[in-house]
Amino acid sequence: MDPVTSFVHLARIALSGRRRELVMFLRRSLPSIREMKPELAAEINKLLELTSAGPLRAKAAMPEPLPVDLDSRLELVRHEEHPEMAVEPTWPSEIRDELNQFILERQQEEHLAAVGVMPTRSLLFVGPPGVGKSLAARYLAVQLHRPLLTLDLAAVMSSFLGRTGNNIRAVLDYARRSSSILLLDEFDAIAKRRDDSADVGELKRLVTVLLQAIDDWPREGILLAATNHPDLLDPAVWRRFERVIPFPLPSANDIAAAIQVALQDDTNRVSKTTIEILAALLEGRSFADVRKVILGARREALVSKLPIDQVLTERVSKLLNGQSRARRIQTAVSLRQTGLTERHVYDLTGVSRDTIRRRTKVGGKRINSNGKKG
Ligand SMILES: Nc1ncnc2c1ncn2[C@@H]1O[C@H](COP(=O)(O)OP(=O)(O)O)[C@@H](O)[C@H]1O
Ligand SMILES: [Mg+2]
């Protein structure tokens with residue numbers, strides 16, 4: 001950054017009272033200041049040493065209290081100083097690439113700053129329920145060793161709106177001053193309130209506050225938002241986020257990976273074929289649903305003392321019986337494509353070998369009954 005831009009940036013941080021960011025910015029600027037004006041660098045260094053020995057550390061030991069609702073005194077956000085993963089995530093490759101890119105940018109923040117590039121500050125996660133949006137926020141916090149602040153907008157919006165606005169503002173202000181990642185979960189809850197015409201004025205102000213917050217979120221900070229209903233969001237909101245990451249429903253391969261993780265030690269007791277069949281049957285469902293099926297089966301196997309493979313095979317039949325004929329044909333085709341023989345697929349699904357053959361094509365070519373491409 002040139003001196004003028006730097007100075008303006010410095011003034012902006014200082015005037016808005018973002019102390020942590022101020023210290024980081026000064027530390028980061030020291031090498032280039034030293035090159036231009038060594039005496040100035042020495043003075044700033046002295047000040048920084050005083051700061052880090054004194055109040056900054058005292059502040060870290062005595063964290064600022066979380067913002068509370070003025071009436072109920074209930075805390076408005078969930079704060080986790082050291083977030084942990086309860087579940088080992090299996091990310092579909094596109095999502096993994098996006099998340100890793102974000103992590104790398106932060107890990108190489110200094111390197112980016114040296115050439116005047118800011119790391120991404122805001123991400124919007126979009127996708128149906130249960131596909132890992134909230135989990136991804138936690139994952140980023142764990143990977144970047146940052147505390148996680150979660151604001152569940154669906155919960156906050158259900159209270160009286162006049163106060164909701166103040167509450168959300170308090171949370172945004174709090175988050176801007178901390179080093180935490182802020183997740184605005186169920187982000188569409190804000191848009192949903194729009195039908196309620198009595199609240200239109202306050203709601204408009206609230207949306208403006210949010211848009212402003214996204215725009216000048218501190219460069220050290222990380223702001224994440226997640227929504228199940230992207231269609232409810234104003235395009236103006238979309239545009240504000242630096243990156244939008246779609247979370248699609250998992251593919252059969254993604255599901256197979258999640259099944260193996262959910263099986264934990266039982267994985268070795270289940271045949272690869274059973275996992276593939278289950279994955280094909282569960283296609284179209286979310287990761288949350290998949291885990292529910294597997295954890296349910298593991299519980300059943302434990303209490304009924306049956307082998308897990310047998311319990312899962314029973315689940316397969318149950319799932320197949322519940323399918324419509326059209327869906328069953330689709331499943332038969334998926335199963336055939338995993339390499340099962342026509343005979344095996346017929347035994348499982350009851351779909352005739354003729355139908356399977358007519359519908360099954362791999363790369364534009366039909367496959368022979370022995371499973372090889374013809
Ligand atoms: N990528 C994933 N890998 C493994 N489990 C997942 C994944 N995504 C979601 N889950 C499971 O589904 C549950 C709900 O995920 P969550 O992130 O809360 O979904 P949402 O997209 O609705 O925010 C998680 O607690 C976890 O058990
Ligand atoms: Mg969620």
Side-chain angles (χ1 to χ4, degrees), residues 76-80 83-103 122-144 146 148-158 168 171 180-192 222-233 237-238 241 243-267 270 275-276 278-279 281-299:
L76 295 167
V77 272
R78 193 168 73 229
H79 171 259
E80 292 164 89
E84 284 172 19
M85 305 301 299
V87 174
E88 183 195 326
T90 46
W91 299 120
S93 59
E94 324 85 73
I95 298 179
R96 191 185 48 229
D97 290 349
E98 292 272 10
L99 296 178
N100 282 346
Q101 160 79 17
F102 185 82
I103 294 166
S122 54
L123 298 178
L124 176 61
F125 299 153
V126 179
V131 291
K133 301 181 300 298
S134 303
L135 197 67
R138 173 171 300 276
Y139 176 77
L140 291 180
V142 170
Q143 295 293 320
L144 294 170
R146 296 224 195 183
L148 179 63
L149 284 172
T150 308
L151 175 64
D152 181 349
L153 283 162
V156 180
M157 291 306 288
S158 59
I168 292 178
V171 170
S180 310
I181 292 183
L182 174 63
L183 168 65
L184 301 173
D185 215 353
E186 312 292 333
F187 196 63
D188 46 273
I190 294 190
K192 271 193 203 143
I222 296 176
L223 178 65
L224 309 175
T227 176
N228 301 334
H229 300 285
D231 39 310
L232 289 179
L233 290 184
V237 178
W238 280 83
F241 286 91
R243 265 179 21 224
V244 178
I245 304 187
F247 280 63
L249 284 169
S251 69
N253 279 339
D254 299 329
I255 292 176
I259 291 176
Q260 289 186 10
V261 171
L263 280 170
Q264 292 179 315
D265 299 342
D266 278 341
T267 310
V270 179
I275 293 179
E276 276 178 355
L278 257 176
L281 279 168
L282 291 170
E283 215 175 334
R285 308 269 204 101
S286 68
F287 280 120
D289 285 347
V290 171
R291 280 189 68 84
K292 238 180 260 166
V293 171
I294 301 302
L295 297 185
R298 291 186 71 197
R299 271 186 222 114

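All values below come from the heavy atoms of this structure, side chains included, with hydrogens, waters and symmetry mates left out. Each ligand, and each atom within it, is numbered from 1 in the order the structure gives. Everything quoted here is computed from the prediction, not taken from an experiment.
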Tell me whether D254 contacts the main-chain N or O of S251 through its side chain, where contact means a donor paired with an acceptor under 3.5 Å. yes

Between F287 and F247, is the ring centre distance below 6.0 Å? no

Among all protein heavy atoms, pick the one closest to atom 14 (C) of ligand 1 and tell me residue, atom and distance. A288 CB, 4.0 Å

So, regarding G132 and ligand 1 (criterion: nitrogen or oxygen to nitrogen or oxygen, under 3.5 Å), is there a contact or not? yes

Starting from atom 5 (N) of ligand 1, what is the nearest protein heavy atom, named by residue and atom, and what distance separates them? V87 CG1, 3.7 Å

Is the number of heavy atoms from other residues, nucleotides or ligands within 6.0 Å of CG (D265) greater than 12? no

Among all the protein's non-hydrogen atoms, which is closest to atom 18 (O) of ligand 1, and how far away is it? S134 CB, 3.7 Å

Can you confirm, on distance only, whether ligand 1 has an N/O atom lying under 3.5 Å from any N/O atom belonging to P89? no

What's the shortest distance from atom 10 (N) of ligand 1 to any protein heavy atom, and which residue and atom give it? F287 CB, 3.5 Å

So if I count the atoms of ligand 1 from 1 in the order they appear, which ones are less than 4.0 Å from some heavy atom of P129? 22 (O)

Excluding sequence neighbours, so at least two apart, what forms side chain to side chain contact (heavy atoms under 4.5 Å, CB included) with A256? I275, A279

Scan the protein's non-hydrogen atoms and note whether one is under 4.0 Å from atom 2 (C) of ligand 1. yes

With distance as the sole test, does R138 use its side chain to make a donor-acceptor pair with the main-chain N or O of P83 at under 3.5 Å? no

With no hydrogens and no angle check, is any side-chain donor or acceptor of K133 less than 3.5 Å from a backbone partner on P128? yes

Protein heavy atom at shortest distance from atom 11 (C) of ligand 1: R291 CD, 3.8 Å

Taking all atoms of both residues into account, what is the closest heavy-atom pair of F125 and A136, and its distance? CE1-CB, 3.8 Å

Which is it for L135 and ligand 1 at heavy atoms under 4.0 Å: side chain, backbone, both or neither? both

So, regarding T90 and ligand 1 (criterion: nitrogen or oxygen to nitrogen or oxygen, under 3.5 Å), is there a contact or not? yes

For W91, the ligand 1 atoms with a heavy-atom partner under 4.0 Å come out as 1 (N)

So which heavy atom in the protein is nearest atom 21 (O) of ligand 1, and how far is it from that ligand atom? K133 NZ, 2.7 Å

Any A226 heavy atom less than 4.0 Å from ligand 1: no

Donor-acceptor pair, distance only, cut-off 3.5 Å: does the side chain of T267 make one with the backbone of Q260? yes

Taking it one step at a time, do Y139 and F102 satisfy ring pair (Phe, Tyr, Trp, His ring centres under 6.0 Å)? CA-CA 12 Å; Y139 176 77; F102 185 82; over 10 Å; no

Using the side chain to side chain contact (heavy atoms under 4.5 Å, CB included) definition, which of the options L153, D185, D188 pairs with T227? D188

Could you tell me whether the side chains of Q101 and R243 share a donor-acceptor contact shorter than 3.5 Å? no

N, O or S atom of N228 closer to the Mg ion (ligand 2) than 2.8 Å: no

To check your reading of the model: name the closest protein heavy atom to atom 22 (O) of ligand 1, its residue, and the distance in Å. G130 N, 2.8 Å

Part of A258 with heavy atoms under 4.0 Å of ligand 1, whether side chain, backbone, both or neither: neither

